[in-house]
Amino acid sequence: MASLDKLVDDILIRILRTLSVHTILSLRKTSRRYYLLTKLRCVWYAKFCAEVLARNLPPPGQPCPLSLLSSADLENRTLRALYLENSWPHLSTNIIISKQRGERVDQVVFMPGGAEFLTVQNKRLVYWLIVSRPGLSQGLKKVAEWPTPEGVSCKVVKDCENPSAIAVGPREQ
């Protein structure tokens, strides 16, 4: 019978990167070796990209380039994003309503750094900037707006390997 304990660390790390967050946290409790391996930055970078960025969850915490975040920061932000997702009721995106015009918002995608985001609303793609000035509250500034081709509803997708790369395509009905 094969045992995970006989595998070299590099193989175990590759396996860890594919496991669920819950499984990683459970495996951490089984031995010192697994505890140390589940604390590695590469494991939590992969989980943050797959569980938060690829699923378009708002990244918790102060906006910061991922390259500056430690393993503990990535783990905490991943766990926090998943906690927030589970704590909020699961509502379909078609009930998010813009307060300004009463428009339906179909999708919100935060860009790396957290100071910019895209919305898909009423068959338009809108690019927003979160504006903040010291001592004043934050606000939003509409930077650009594009109608979708032929009025087709669209979807924004982020590349989990390169979170700064996005694609816009038709939404599957």
Side-chain angles (χ1 to χ4, degrees), residues 3-5 7-93 95-96 99 105-120 126-141 143 155-168:
S3 170
L4 286 177
D5 293 329
L7 295 174
V8 295
D9 287 354
D10 290 344
I11 301 298
L12 283 173
I13 290 167
R14 283 187 160 202
I15 293 170
L16 286 171
R17 292 171 55 168
T18 65
L19 298 176
S20 72
V21 170
H22 176 74
T23 303
I24 291 170
L25 295 175
S26 296
L27 187 63
R28 173 181 287 176
K29 299 174 186 177
T30 63
S31 75
R32 178 166 169 71
R33 181 182 183 203
Y34 293 138
Y35 176 83
L36 294 173
L37 289 174
T38 61
K39 289 286 193 175
L40 291 174
R41 185 181 188 286
C42 62
V43 171
W44 288 104
Y45 178 83
K47 292 288 84 183
F48 187 80
C49 289
E51 299 289 338
V52 179
L53 298 180
R55 293 175 50 213
N56 296 317
L57 297 178
Q62 291 294 323
C64 178
L66 289 181
S67 60
L68 299 180
L69 295 175
S70 69
S71 175
D73 289 334
L74 288 167
E75 179 179 347
N76 290 335
R77 288 177 186 229
T78 302
L79 295 175
R80 181 75 177 146
L82 295 176
Y83 171 78
L84 291 172
E85 178 192 35
N86 289 330
S87 296
W88 289 85
H90 292 282
L91 303 172
S92 64
T93 56
I95 66 167
I96 298 173
K99 288 174 83 176
V105 178
D106 295 313
Q107 186 180 12
V108 178
V109 178
F110 286 88
M111 304 305 288
E116 305 161 292
F117 65 96
L118 297 170
T119 59
V120 176
V126 184
Y127 175 49
W128 299 90
L129 179 63
I130 300 173
V131 180
S132 62
R133 288 171 267 161
L136 300 174
S137 63
Q138 292 185 339
L140 297 178
K141 178 181 178 186
V143 178
K155 179 179 182 181
V156 178
V157 180
K158 286 168 70 170
D159 180 353
C160 65
E161 293 294 321
N162 180 8
S164 63
I166 62 165
V168 179

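All heavy atoms count here, side chains included; hydrogens, waters and symmetry mates do not.
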Please, which pairs that meet salt bridge (Lys or Arg N to Asp or Glu O under 4.0 Å) have at least one residue in residues 53-64, sequence neighbours excluded? Glu51-Arg55, Arg55-Glu85

Within the side chain of Arg41, is there an N or O that forms a donor-acceptor pair under 3.5 Å with the backbone of Leu69? yes

Between Thr30, Leu16, Leu25, which is the residue that forms a side-chain contact (heavy atoms from CB on, under 4.5 Å) with Thr38?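 Going through Thr30, Leu16, Leu25 one by one, the side-chain contact (heavy atoms from CB on, under 4.5 Å) with Thr38 is satisfied by Leu16 alone.
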
Would you name the heavy atoms of Trp128 and Thr119 that are closest together and state the gap between them? NE1-OG1, 3.0 Å

Listed by chain and number, what are the side chain to side chain contact (heavy atoms under 4.5 Å, CB included) partners of [X], not counting sequence neighbours?
X	value
Leu36	Arg32
Tyr35	Arg28, Lys39
Ala81	Val52, Leu57, Pro60

Sequence neighbours left out, what passes side-chain hydrogen bond (donor to acceptor under 3.5 Å, both in side chains) with [X]? Give chain and number order.
X	answer
Asp10	none
Thr18	none
Thr78	none
Ser70	Asp73

The criterion is salt bridge (Lys or Arg N to Asp or Glu O under 4.0 Å); which residues satisfy it with Arg33, sequence neighbours excluded? Asp9

Going by distance alone, is a donor N or O of one side chain under 3.5 Å from an acceptor N or O of the other, for Thr23 and Ser26? no

With the side chain counted from C-beta on, respond yes when Tyr34 and Leu12 share a heavy-atom pair under 4.5 Å apart, and no when they do not. yes

